[in-house]
> 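Pasting a structure here, questions to come.
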Amino acid sequence: MDLKRVPVRSGVICMEINRREIRRYLGYGRQEADEKVSKLIEECVEELEAAASPKSIYRVYPFVPLPEEELDFTVFRTKSRSLSRNLKDCEQVILFAATLGTEADSLIRKYTKLQMSKAVTMQAAATAMIESYCDEVNTALKESFEKKGLYLRPRFSPGYGDFPLECQRDITSVLETAKRIGIMLTDSLLMTPSKSVTAVMGVSPKPHRCEVRGCELCSKTDCAYRRG
């Protein structure tokens, strides 16, 4: 199938960066931050929105579950009990990658030298931002596929559960992420830019609607498709 990019709408970042998630990454849990930290969060969000250039790309492939929890994604195979469960009833998979670009990393490096408290906050804000961007893109994909009578599972990234981290190589290679959206891998399988995501999403003809943002935010703990 043709390679497809998911652009930012009208060239603008159309998403709401979740401040609660930023506070959670900073260790506040569900607690509110004080005025000083809240102001720092807003400064970081404003700078990230001005500097970051989110991009994403995906490709759809036939999917075949094999015996003993082996998974055939057409372009590569892997083995994972948790992902096999997540992809139950799926007939296709979406290989997906997204990044905020190098600018977010540049901001983090800048404040690591100038103001460590802001560097830490910038790191948390950038993490929340890439998640928000992925959620936005995944919502658009979900709506597009549902018009065809198909339903998506939540994204499932290499390294989650027993889904091998080595599959980062397969996903980035298949999607040509280095050339198309600038994501490269180090020898230790870390992505650069650091605020990048790769994932698999199942596509099923069965009308089971899953939360785009994943199982962590869903209250249905007995779901057959739940991760982990």
> I'd like to check the side-chain contact (heavy atoms from CB on, under 4.5 Å) partners of E69; sequence neighbours left out, ordered by chain and number.
R81, S84
> Linking I/L/V/M/F/W/Y whenever any side-chain heavy atoms sit under 4.5 Å apart, do I108 and L40 land together?
no
> When you look at F163 and Y160, which way does the ring pair (Phe, Tyr, Trp, His ring centres under 6.0 Å) test go after all the steps?
CA-CA 6 Å; F163 184 19; Y160 189 97; 9.4 Å; no
> I want to check something: taking the side chain as every heavy atom from C-beta on, are T192 and I183 in contact at a cut-off of under 4.5 Å?
no
> What are the two closest non-hydrogen atoms of G202 and L87, and how far apart are they?
CA-CD2, 3.4 Å
> What heavy-atom pair brings C90 and F63 nearest, and what distance separates the two atoms?
O-CD2, 3.3 Å
> Mind listing the closest non-hydrogen atom pair of S157 and A199 along with its distance?
OG-CB, 3.7 Å
> Atom CZ of R155 and atom CG of N138: how far apart are they, to the nearest 0.5 Å?
4.5 Å
> Taking atom CZ of R153 and atom CD1 of I94, what is their separation to the nearest 0.5 Å?
11.5 Å
> Give, for atom CZ of R180 and atom CD1 of I57, the distance between the pair rounded to the nearest 0.5 Å.
5.5 Å
> Just checking, any donor-acceptor pair under 3.5 angstrom between side chains of D89 and S204?
no
> Report the distance from atom CG of L95 to atom OG1 of T74, rounding to the nearest 0.5 Å.
9.0 Å
> Any side-chain heavy atom of K195 within less than 4.5 Å of one from Q123?
yes
> Between P164 and P158, what is the shortest heavy-atom contact and its length?
O-CB, 3.6 Å
> Just verifying a value: how many Å separate E47 CD and K118 NZ, rounded to the nearest 0.5 Å?
4.0 Å
> Would you check if P154 and N86 make a side-chain contact, meaning some heavy-atom pair closer than 4.5 Å?
yes
> Does D72 reach the main-chain N or O of V64 with its side chain, forming a donor-acceptor pair under 3.5 Å?
no
> side-chain contact (heavy atoms from CB on, under 4.5 Å) with E70: which residues, sequence neighbours excluded?
L66, R77
> Check E35 with K39, please: is the shortest side-chain N to carboxylate O separation under 4.0 Å?
no
> Find out whether M191 and T177 are in side-chain contact, i.e. whether some heavy atom of one side chain is under 4.5 Å from a heavy atom of the other.
no
> Mind checking the CD1-CD spacing from I17 to E42? Nearest 0.5 Å is all I need.
9.5 Å
> Going by the rule salt bridge (Lys or Arg N to Asp or Glu O under 4.0 Å), which residues pair with R109 if we only count those two or more places apart in sequence or in a different chain?
none
> Test L190 against L185 for side chain to side chain contact (heavy atoms under 4.5 Å, CB included), laying out the working first.
CA-CA 6 Å; L190 296 176; L185 286 184; over 6 Å; no
> Could you list the donor-acceptor pairs under 3.5 angstrom formed between side-chain atoms of residues 165-175 and any protein atom two or more places apart in sequence or on another chain?
unit_1 : atom_1 : unit_2 : atom_2 : d
Q168   : OE1    : T198   : OG1    : 2.3
T172   : OG1    : Q168   : O      : 2.8
T172   : OG1    : R169   : O      : 3.3

> Whether E21 and R24 form a salt bridge (side-chain N of Lys/Arg under 4.0 Å from carboxylate O of Asp/Glu) is what I want to check.
yes
> Using side-chain heavy atoms (C-beta onward) and a distance below 4.5 Å, is V45 in contact with R19?
yes
> Tell me, please, which residues at least two apart from E143 pass side-chain contact (heavy atoms from CB on, under 4.5 Å).
T139
> Name all residues meeting the side-chain contact (heavy atoms from CB on, under 4.5 Å) criterion together with A33; count only those two or more places apart in sequence or in a different chain, and write none if there are none.
R23, Y28, V37, S38
> Do you know the tightest heavy-atom contact between F156 and S82?
CZ-OG, 3.6 Å
> Among the clusters formed by ILVMFWY side chains lying less than 4.5 Å apart, do V60 and M201 turn up in the same one?
yes
> Is the closest side-chain donor-acceptor distance between Y25 and E131 under 3.5 Å?
no
> Which heavy atom of A124 sits nearest to which heavy atom of I22, and what is that distance?
CB-O, 3.9 Å
> State, yes or no, whether a side-chain contact exists between L100 and S196 at a heavy-atom distance under 4.5 Å.
no
